[in-house]
Structure formats: structure tokens, C-alpha cells
Amino acid sequence: DTGVSQNPRHKITKRGQNVTFRCDPISEHNRLYWYRQTLGQGPEFLTYFQNEAQLEKSRLLSDRFSAERPKGSFSTLEIQRTEQGDSAMYLCASSLTRQGWEQYFGPGTRLTVT
Amino acid sequence: GNSVTQMEGPVTLSEEAFLTINCTYTATGYPSLFWYVQYPGEGLQLLLKATKADDKGSNKGFEATYRKETTSFHLEKGSVQVSDSAVYFCALSDLKGDTGRRALTFGSGTRLQVQP
């Protein structure tokens, strides 16, 4: 069990550029969540996958955001035409159905939009 | 909707002092309750959990009891150490029936600073 990994750990981009983050969940976990955390706040839910199906998206996830989880393994989160307000820590978590509903978090990707 | 309210920090204590971090919640169903900890430069780690009323979660000397009547899940530790300095998040997880989602709703976090 190597835990949840996320890449890159840090990303600095200019406003208007596109960025993509990757999350590798714990291998047998079928559920995957993306959250966003801004300074001084708790994480906020963005979107949720069960296997390869994206079952829900928060209203925080604007049209510029898209997430995929091909083959139910790793997931990517893409932000198009980044804005300064997108600067945040993007967290990925995974869990296994009925295993106590515990979610295991990755270290996060810190995005800075200049 | 669901929400979690935590006491504001920072909380500054001397080593071996008693710790309480208050957490109250609002939920429409029967949530599970969690405390997560975030050490400097690290990701969120599950500290303890409770899945039903009157359950007590415990780990590493920390405890919290699920109180349905007061909708609370206060975190306590009898004797804190410098190594406990971190940000602590209270969270709840409630089932969204149509999608099976159990996303977490977090409080805003409480920073604990323990001085030697």
C-alpha cells in the first residue's frame, strides 16, 4: 500500500494557461474524490468517481474544469484558461466501498496562478 | 445542507496541557464523524472516526465522542506534546443516496501550537 500520490506537487502558471493534475489512488480503491482547499479553509468537494464513472460534480466545478478517470485507475483534473481565483491546493482522496467510508488523502497539488 | 463549525485558532498550549477543540455539526441524515490532522508540509491524515451516536473514536491519545443530542464531536487529549502541533479538521460524511457519494464536509480547521 503506497498511499495516494499526486503530481505535480507544485504548479505555477500564468493566467489563461491550461494545467493538468494527476492523482494515483490506492490500488484497490474504487472511489475517488477531488477537493479544493484555499488558505485558512477546510477542503471543499469538487467531484466524485466510482470506478470510471463521474457520478457527481459540485457547483464549484465551473465549465473550465474537467476531470477524468479512464479505466477506473488514475484520475486527471484539468483547468482551462486559469484565473487567479483558481490558486489553491487541489487534493485527491480515495476510498473503498463499505470499508468504513474512510478517505485517504494525497499530499495535494498547490497551484499558483500569476 | 451539511455544515461543520470548529472553534477558531490558533490554540496555544504548553506541553502536557489538556486539549479541547470544539466541533459542532449540522446534517440532514445520520453522518459519520471524523477528525483529520494536517502536519506542516504534509497531507491530511485521518486521526479518528465515529460512525454512530455515542461512539468514541480514539487514536494516539486523542479522543472524541459522537454526541447526537448536542450535535457535537469535540476533540480531546489529556497531555499534548510539541509534536502534536498541526491543523486539526473536523469533518462529516453523509450518504447521498442517488449517487452513493460520501464526500466529506470539513470545518475550517483549528491550528494547534504546543510550546515546550
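Lettering of chains follows the sequences in order, A, B, ..., and the numbering in each one begins at 1. Since the structure is predicted, the reported quantities are computational estimates derived from the model, not experimental observations.
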Find the distance between CD (A/Gln103) and OG (B/Ser93) and round it off to the nearest 0.5 Å.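 Reported to 0.5 Å precision, the distance equals 6.5 Å.
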
Which atoms of B/Gln6 are under 4.5 Å from chain A, going by heavy atoms: the side chain, the backbone, both sets, or neither?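 Neither part.
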
Should the heavy atoms of other residues, nucleotides or ligands under 6.0 Å from [atom1] of [X] be counted, would the total exceed 12?
| X | atom1 | value |
| --- | --- | --- |
| B/Tyr30 | OH | no |
| B/Glu16 | CD | no |
| A/Ile12 | CD1 | no |
| B/Glu8 | CD | no |
| A/Arg64 | CZ | yes |
| A/Glu68 | CD | no |

Mind checking whether B/Phe106 and A/Phe45 have ring centres under 6.0 Å apart?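 No, the ring of B/Phe106 stays outside the 6.0 Å limit from the ring of A/Phe45, centre to centre.
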
Keeping A/Tyr104 on the side-chain end and B/Leu44 on the backbone end, is there a donor-acceptor pair under 3.5 Å?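 No; judged by distance alone, with no hydrogens or angles, the pair does not exist.
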
Atom of B/Phe89, atom of A/Gln41 and distance for their closest heavy-atom approach: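 Taking B/Phe89 first and A/Gln41 second, the nearest heavy atoms are CE2-O, 3.8 Å.
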
Side chain to side chain contact (heavy atoms under 4.5 Å, CB included), that's the test. Do A/Phe105 and B/Leu46 meet it? Break it down for me. CA-CA 9 Å; A/Phe105 282 80; B/Leu46 178 64; over 6 Å; no

Check each atom of A/Arg9 against the heavy atoms of chain B and say whether the ones under 4.5 Å are side chain, backbone, both or neither.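 A/Arg9 touches chain B through side-chain heavy atoms alone.
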
Less than 4.5 Å to any heavy atom of chain B: does that hold for the side chain of A/Glu44, its backbone, both, or neither?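 Neither part.
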
So which residue, A/Pro43, A/Pro107, A/Ser58, ends up with the most heavy-atom pairs under 4.5 Å with chain B?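 It is A/Pro43.
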
Linking I/L/V/M/F/W/Y whenever their side-chain heavy atoms sit closer than 4.5 Å, directly or via other members, would B/Leu47 and B/Tyr39 fall into one cluster?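 Yes, same cluster.
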
